[in-house]
Amino acid sequence: MNGKGAGRSSPPEERHTKERHTEERHTVERLVPAWLAETERHDPAAAREARTGWERGSLSARAAQDLATWVTARVTDTGFNEDEGPRVEGPTRITPADKDAVHRWLAGQGHRI
């Protein structure tokens, strides 16, 4: 047998990579609505461009950079307690890991972040 049988499972590293990509996509899907809503309030034209790209499955370079900047600035869960550091209010919880996931997802889509 050549090792390419239909029932052959993926190597662990390949499964891990697929799982990470799925988790990154879920994170992006959770955060994009908040980003679009905020963008709409400040720059309706940019929000329309971004929403159109998102719905088509391809963000423009400008929209991708805006999303990367937004998620970085909106990290709300820093791991600090109230006495140690800033608390950022926002419509959704965003952790440093969420920010990293969005950045990886954007890079995986071919964007330079």
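You'll find the side chain of His103 reaches within 4.5 Å of the side chain of Thr72, heavy atoms only. Side-chain contact between Trp70 and Thr39: absent, with no pair of heavy atoms (C-beta onward) separated by less than 4.5 Å. Side-chain atoms of Glu38 and Arg74, non-hydrogen and from C-beta on, do get closer than 4.5 Å to each other. Proximity of Trp54 to Glu29: side-chain heavy atoms (C-beta onward) are separated by under 4.5 Å at one or more points. Put simply, the side chain of Ile113 reaches to within 4.5 Å of the side chain of Gln65, judged on heavy atoms. The shortest side-chain heavy-atom distance between Leu106 and Leu59 falls under the 4.5 Å cut-off.
Interatomic distance, Ser60 OG to Asp66 CG, rounded to the nearest 0.5 Å: 7.5 Å. In this structure, the separation between CZ on Arg48 and CG on Leu36 is 12.5 Å, given to the nearest 0.5 Å. For the atom pair NE2 of His21 and NE2 of His26, the computed distance is 13.0 Å after rounding to the nearest 0.5 Å. Taken to the nearest 0.5 Å, the CZ atom of Arg62 stands 13.5 Å off from the NE2 atom of His111. Here the CD1 atom belonging to Ile94 is positioned 12.5 Å from the CH2 atom belonging to Trp35, to the nearest 0.5 angstrom. Once rounded to the nearest 0.5 Å, the distance linking OG1 of Thr27 with NZ of Lys99 reads 13.0 Å.
The closest donor-acceptor contact from the side chain of Arg30 to the backbone of Arg93 lies under 3.5 Å.
Using a 3.5 Å distance cut-off with no hydrogens or angles, the side chains of Asp98 and Thr95 do pair a donor with an acceptor.
Across all their heavy atoms, Arg25 and Trp105 have their closest contact at NH1-CZ2, 3.1 Å. When all heavy atoms of Ala63 and Glu49 are compared, the closest pair comes out as N-OE2, 4.5 Å.
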